[in-house]
Structure formats: C-alpha cells, structure tokens
There are 2 protein chains.
Amino acid sequence: MGSIGRNSKCGQGNLDEVVQQFLERIGEILESECVREVSIDEVTEELKALTPLLRVVLSKWVPEIIYVLFIRGEAGFNELKRALNISSRVLSDKLGELEGKGIVVRGIDAQHKPPRVHYRLTKLGKELGLALIPTLLTIKRKLRQEAHSLNPLH
Amino acid sequence: MGSIGRNSKCGQGNLDEVVQQFLERIGEILESECVREVSIDEVTEELKALTPLLRVVLSKWVPEIIYVLFIRGEAGFNELKRALNISSRVLSDKLGELEGKGIVVRGIDAQHKPPRVHYRLTKLGKELGLALIPTLLTIKRKLRQEAHSLNPLH
DNA sequence: CTGAATCCTTTATGATACTG
DNA sequence: CAGTATCATAAAGGATTCAG
C-alpha cells in the first residue's frame with residue numbers, strides 16, 4: 001500500500017530495498033574516518049549556504065506538493081488543494097514561490113471552457129522529488145514499525 | 001569544500017557520485033509504468049499518514065540540527081546555537097521536541113564543573129540524517145550550478 | 001475552475017533578561 | 001554552560017468573498 005514502495009507491481013524490483021541498500025552504502029562512506037574531522041565551523045558555513053533553498057524546499061506543504069506532482073506527473077489547482085487539504089491562499093502562495101524558484105511550472109490548457117491549469121515539476125523539481133524519497137521512505141518505515149509494535153498480533 | 005561531498009579525502013570513493021547513481025536508479029524504478037497509475041486518492045491517503053512526522057522532521061531548524069549532529073556525532077547546546085544562529089528558546093524547544101520524538105538524546109557529563117550537556121542522534125535520528133543527505137546534496141549541486149553560470153570565468 | 005483580495009487568528013520566532 | 005521566563009513581533013495559516 002502507498003505510492004512509494006508498492007513494488008510488487010513493478011518489474012524493477014524493490015524500491016524500498018534499493019533505498020535501504022543505498023542508505024547503508026552512504027552510511028559506510030560517511031562513517032569512514034573523514035567525516036568526524038569536519039569542524040563545526042565548516043558545517044556552519046555549509047549550512048549558511050544551503051539554508052535559503054533548504055528553507056523553501058523543506059518548508060510546510062512544499063515536500064507534499066513536490067511529492068504529489070512527482071508521483072502523479074501533473075495536477076490541477078483544486079486537485080492539489082484537495083489532496084493536501086490546504087486553503088487556496090496558501091496553496092497559491094506556495095505554488096507561486098515554487099514557480100519563482102524554478103521548481104514547478106504552470107501550464108494552461110485553453111481548450112477547456114473554464115481553462116484548465118496544471119502544474120508540473122521542472123527538472124530541478126524532479127530531482128528534488130527524487131531526493132526526497134529516501135526521507136519519505138524512512139519516515140514510512142518508522143511508522144510501519146510503530147504500527148507493528150502496537151499491534152498485539154505481531 | 002563542505003562537509004558532504006568532500007570525498008577526495010575519503011578512501012571510500014565519491015559520495016556525490018554514489019548519490020547521483022542512486023538517484024538515477026530509483027528514478028528508473030519510479031519511471032517504470034507503475035507509478036503513473038497511482039491514484040490521487042492513494043497519494044492523499046499516504047500523505048495523511050506521513051505528514052505528522054514529516055512536519056517534525058522537515059520543519060524549520062530541524063534538518064539543520066539533525067545534519068550538524070549527524071556530521072559531528074554530538075554537540076553541546078551553545079555549540080548548536082552558534083552553528084545554527086538560533087535563539088536559545090527556539091533551540092531548546094526544538095531539541096525538546098526531537099527528544100520527545102526519539103530522534104535525539106540528551107546526555108549529561110557531570111564531570112565538568114558547569115555540567116556539560118551534549119546531544120546525539122538516536123538510531124532513528126541517524127537514519128533520518130542519512131536520508132536527508134540526497135536532498136542536501138541535490139540542493140548543493142543546484143547552488144554550485146548557479147554559482148557556475150553566474151561566474152564569467154566558467 | 002482558478003485564483004486574487006481581505007480580514008482575522010494562531011503560531012513561530014526573536015531579543016532580552018535571569019537562574020542554577 | 002545550559003537553559004527558562006517574559007514580552008513583542010512577524011510570519012503563517014484559515015475562512016470567506018469575489019472575479020475572470
């Protein structure tokens with residue numbers, strides 16, 4: 001169940017597993033001596049550079065928006081609104097911001113009577129969507145474990 | 001430069017490259033037909049489940065805190081405060097929240113005269129730190145590209 | 001349907017001061 | 001050093017209304 005990790009239907013194998021392997025792999029790389037040497041000042045500097053975009057990408061609603069667009073390919077305004085359970089104002093603001101940052105593009109299909117609008121991810125947006133998958137899967141796994149341990153049947 | 005991706009010093013090879021390969025790999029998996037079939041309702045349901053924890057993990061300051069602790073292994077209160085340029089109240093709140101969620105643990109070393117406190121990531125915290133790496137690297141790459149294209153020398 | 005405009009409420013955050 | 005307490009402000013969010 002769920003959009004990410006529903007792998008049995010995919011010929012390509014288990015996404016969850018691939019992510020798991022990957023996390024182990026970079027875990028090993030990061031464990032290797034070198035990381036511990038990083039000074040607090042270096043980390044501070046790095047964060048200072050990353051923070052502006054980080055704040056946009058990882059702010060409220062944004063990961064959700066990116067995720068929906070990533071999975072669905074595209075979505076209309078009200079479709080997103082319903083999916084996220086968000087007010088139009090906030091959604092409108094966020095989409096505007098994301099468009100400004102080059103993460104999302106707005107398209108209009110004038111064919112329809114009430115012209116239909118749809119949002120899609122740009123290349124950057126797709127990259128971010130992809131990059132968010134490990135975090136989402138990790139959270140998902142955590143929730144599964146909790147559900148498990150609370151369920152007396154397991 | 002920077003903490004993530006400073007691979008030349010690591011024997012284990014290029015982190016950036018590993019992340020890149022991984023993203024391509026899961027990109028392929030996700031491209032394979034199956035994803036597009038996911039209904040908007042399924043995505044909505046999934047998000048509803050993920051959101052509570054997602055909001056904690058991806059809220060302001062939290063990714064930064066996790067990242068610093070991830071890279072450094074541990075940090076004291078004021079050390080974090082300086083690194084993030086955050087007020088004590090907010091930091092205190094966030095650390096309390098993260099402790100409550102089992103993402104961070106607080107340790108006290110009573111040996112020191114003013115007892116020294118240090119924060120570390122729990123297993124879950126480390127998993128999340130790991131999972132955040134692709135997002136951070138993607139943002140970092142993006143910033144590098146921008147810097148590049150703005151610089152006439154390149 | 002797709003939003004922009006308004007108004008209003010609730011958090012979140014920041015600065016400052018203070019304690020053990 | 002490691003916070004807590006207080007106060008003031010800004011930012012975020014929601015509800016409603018309206019227009020193209």
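Just so we're on the same page: letters track the sequence lines, and every chain starts at 1. Note that the structure is a prediction, hence the values are computed from the model and not measured.
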Working for side-chain hydrogen bond (donor to acceptor under 3.5 Å, both in side chains), residues E99(A) and Y119(A): CA-CA 9 Å; E99(A) 207 185 343; Y119(A) 293 88; 5.9 Å; no
Trace of the side-chain hydrogen bond (donor to acceptor under 3.5 Å, both in side chains) decision for N151(A) with H148(A): CA-CA 5 Å; N151(A) 187 333; H148(A) 235 242; over 6 Å; no
If you measure from [atom1] on [X] to [atom2] on [Y], what distance do you get to the nearest 0.5 Å?
| X | Y | atom1 | atom2 | value |
| --- | --- | --- | --- | --- |
| E17(A) | Q21(A) | CD | CD | 5.5 Å |
| I66(B) | L128(B) | CD1 | CG | 5.0 Å |
| T44(A) | E79(B) | OG1 | CD | 8.5 Å |

Reading 5' to 3' through nucleotides 4-20 of chain C, protein heavy-atom contacts under 4.0 Å coded B for base, S for sugar-phosphate only, - for none: S-B------BBB-----
Run the salt-bridge test on [X] and [Y] with the 4.0 Å N-O cut-off and return the result as yes or no.
| X | Y | result |
| --- | --- | --- |
| K142(A) | E127(B) | no |
| E146(B) | R141(B) | no |
| K48(B) | E64(A) | no |

Span of DNA chain D, from the first to the last nucleotide whose atoms fall under 4.0 Å of chain B heavy atoms: dC1(D) to dT6(D)
Transitive ILVMFWY side-chain link F70(A) to V38(B), under 4.5 Å: yes
Geometric class of the F22(B)/F22(A) ring pair [parallel <30°, tilted 30-60°, perpendicular >60°]: parallel
Degree of bending, the helix from dC1(C)-dG20(D) to dG20(C)-dC1(D) (end axes from five pairs; round to 10°): 50°
